J.: 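Okay, here's the structure, questions in a sec.
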2 protein chains.
Amino acid sequence: MATSRAVVRQLHEQEHHDPVDCRAVGQVLDRIGDKWTVMVVGALSKGPMRFNAIMRFIGGVSHRMLTLTLRNLESDGLVTRTAYATIPPKVEYELSDLGRSLIEPLEVLATWAQHNRPAVEEARARFNARRTE
Amino acid sequence: MATSRAVVRQLHEQEHHDPVDCRAVGQVLDRIGDKWTVMVVGALSKGPMRFNAIMRFIGGVSHRMLTLTLRNLESDGLVTRTAYATIPPKVEYELSDLGRSLIEPLEVLATWAQHNRPAVEEARARFNARRTE
DNA sequence: CAGTATCCGATTGGATACTG
DNA sequence: CAGTATCCAATCGGATACTG
């Protein structure tokens, strides 16, 4: 068993071969890790959608938060916004190429979730059982 | 951390079948989407580590938040905790098999981040430029 | 229909002090 | 060294009301 000092030394030597680049993942999660972003990407993964359609699709998101979420996605270039000057106004949101490129990583995550949820819930149950006994 | 649970329930009631399973991704992000969890997994991806070593490795995390993060990871079965009754005490954290299985999905995300960060920052700069003009 | 502005309760998380 | 408890500032996000 290595001492913690040895571990730290190893980590330092390996810092250019980081198996999980924490910073990179952290930056992504800062953007998509919030309450609604992934839901929106999921909605738009099927094709362009209007504001209220997205809202109905997701369900439970407030008007305000959907606006903010879409604005962030737009500013990051993941979503494009097209406004038609009709009355009433019509605004369509659509994933950009960049946004679509995010679907695959999310699917990998979804697969992990579906495959491992039972194990996680089992672990959680065991953990709570111990705390109660 | 259990913020979008209500949303997940609603989506479940709607029986949508998505290319991106929002419920599943949402559940994962509820767990790993916070500020520190991925950092801890990244630290432990190289091997067992003691509390203060993790803290130094991550840098910027408070004592309190590291404790909470580790406790959550432990309760989900992603991390194991081993305490040695020595003086001073020694506690080692290590990724479980389940925790290690999460590394690959995170690497996919990290790869996406590294590959697309320039595009995202460019988009953000363009967006801000428009808002200013 | 889409978007903005304001208010305010709820949650987050750092700082600090204390314990075994 | 590792962990817990308390306090409190900052942020988040829903509700509501208003505009083009």
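It should be emphasised that the depicted structure is a prediction, and the values quoted were computed from it without experimental measurement. Letters A, B, ... are given to chains in the order of the sequence lines, protein chains preceding strands, and every chain is numbered from 1.
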J.: Looking at the side chain of A/Met65, which of D/dG13, C/dG3, C/dG13 is the nearest nucleotide?
T.: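 Minimum distance to the A/Met65 side chain belongs to D/dG13.
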
J.: Among the nucleotides D/dG14, C/dC1, D/dG3, which one has an atom lying closest to any side-chain atom of B/Tyr93?
T.: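 Within the option list, the nearest is D/dG3.
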
J.: To the side chain of A/Lys35, which of D/dG3, D/dG13, C/dG3 is closest?
T.: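 Nucleotide nearest to A/Lys35's side chain: D/dG13.
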
J.: Under the 3.5 angstrom rule, does the side chain of A/Thr67 hit a backbone N or O of A/His63 as a donor-acceptor pair?
T.: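 Answer holds: yes.
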
J.: Starting at CG of A/Leu70, measure out to CH2 of A/Trp36 and round the result to the nearest 0.5 Å.
T.: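 Between atom CG of A/Leu70 and atom CH2 of A/Trp36 there are 12.5 Å.
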
J.: For DNA chain D, find the residues of residues 73-90 of chain A with a heavy-atom distance under 4.0 Å and give them by number; none if there aren't any.
T.: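 Only A/Pro89 qualify.
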
J.: So if I apply the side chain to side chain contact (heavy atoms under 4.5 Å, CB included) rule between B/Leu73 and each of B/Val40, B/Leu102, B/Leu95, which one comes out positive?
T.: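 The option that passes is B/Val40.
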
J.: Under a 3.5 Å cut-off on both pairing distances, which runs of 3 or more consecutive Watson-Crick or G-U pairs involve DNA chain C?
T.: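 The stems that DNA chain C takes part in, listed by first number, are C:1-20 with D:1-20.
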
J.: With a 4.0 Å limit, can you tell me whether B/Trp36 has a side-chain N or O closer than that to the phosphate oxygens OP1/OP2 of C/dG14?
T.: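 Yes, such a contact exists.
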
J.: Specify the separation, in whole Å, of atom CG of B/Leu68 and atom C1' of D/dG3.
T.: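 About 11 Å, once rounded to whole Å.
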
J.: Taking 4.0 angstrom as the limit, do B/Glu74 and B/Arg71 come out as a salt bridge?
T.: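 Yes, B/Glu74 and B/Arg71 are salt-bridged.
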
J.: Rounded to the nearest 0.5 Å, what separates atom NZ in B/Lys35 from atom CG in A/Asp30?
T.: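 So the NZ of B/Lys35 and the CG of A/Asp30 are separated by 8.5 Å.
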
J.: Determine whether a donor-acceptor pair (one donor, one acceptor, N or O, separation below 3.5 Å) exists between the side chain of B/His63 and the base of C/dG14.
T.: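 Flag unset: no donor-acceptor pair detected.
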
J.: Which whole-number value in Å describes the distance from A/Met49 CE to C/dC1 P?
T.: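 After rounding, the gap between these two atoms is 14 Å.
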
J.: Rounded off to whole Å, could you give me the CZ-to-P distance for the A/Arg50 and C/dG3 pair?
T.: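 In whole Å, C/dG3 P and A/Arg50 CZ are 10 Å from each other.
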
J.: On DNA chain D, nearest-nucleotide positions of B/Asn52 versus A/Asp34: which is more 5'?
T.: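 Nearer the 5' end of the strand: B/Asn52.
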
J.: Is the backbone N or O of A/Thr80 less than 3.5 Å from a side-chain atom of A/Ser96, with the two atoms forming a donor-acceptor pair by type?
T.: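 No; zero donor-acceptor contacts below 3.5 Å.
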
J.: Which one, C/dA2, C/dT4, D/dA15, comes nearest to the side chain of A/Arg71?
T.: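 The answer is C/dT4, which lies nearest to the side chain.
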
J.: Could you give the CG-to-C1' distance, from A/Leu66 to D/dC12, as a whole number of Å?
T.: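 Value for this atom pair: 16 Å.
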
J.: Tell me the interatomic distance from A/Asn72, atom CG, to D/dG13, atom P, rounded to whole angstroms.
T.: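 After rounding, the gap between these two atoms is 11 Å.
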
J.: Checking B/Glu122 now: which residues fulfil salt bridge (charged side-chain N to carboxylate O under 4.0 Å, His left out) with it, not counting sequence neighbours?
T.: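 Salt bridge (charged side-chain N to carboxylate O under 4.0 Å, His left out) check on B/Glu122 returns B/Arg126.
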
J.: Identify the heavy atoms of A/Phe57 and A/Ala43 that sit nearest to each other, and give their distance.
T.: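 Nearest pair, atom of A/Phe57 first, then A/Ala43: CD2-CB, 3.4 Å.
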
J.: Is any NZ, NE, NH1 or NH2 atom of the basic residue among A/Asp21 and A/Arg23 found under 4.0 Å from an Asp or Glu carboxylate oxygen of the other?
T.: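 Between A/Arg23 and A/Asp21 there is no salt bridge, as every charged N stays at least 4.0 Å from the carboxylate O atoms.
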
J.: Give the nucleotide from the list D/dG3, D/dG14, D/dA5 with an atom nearest to the side chain of B/Arg64.
T.: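 Ranking D/dG3, D/dG14, D/dA5 by closest atom to the B/Arg64 side chain puts D/dA5 first.
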
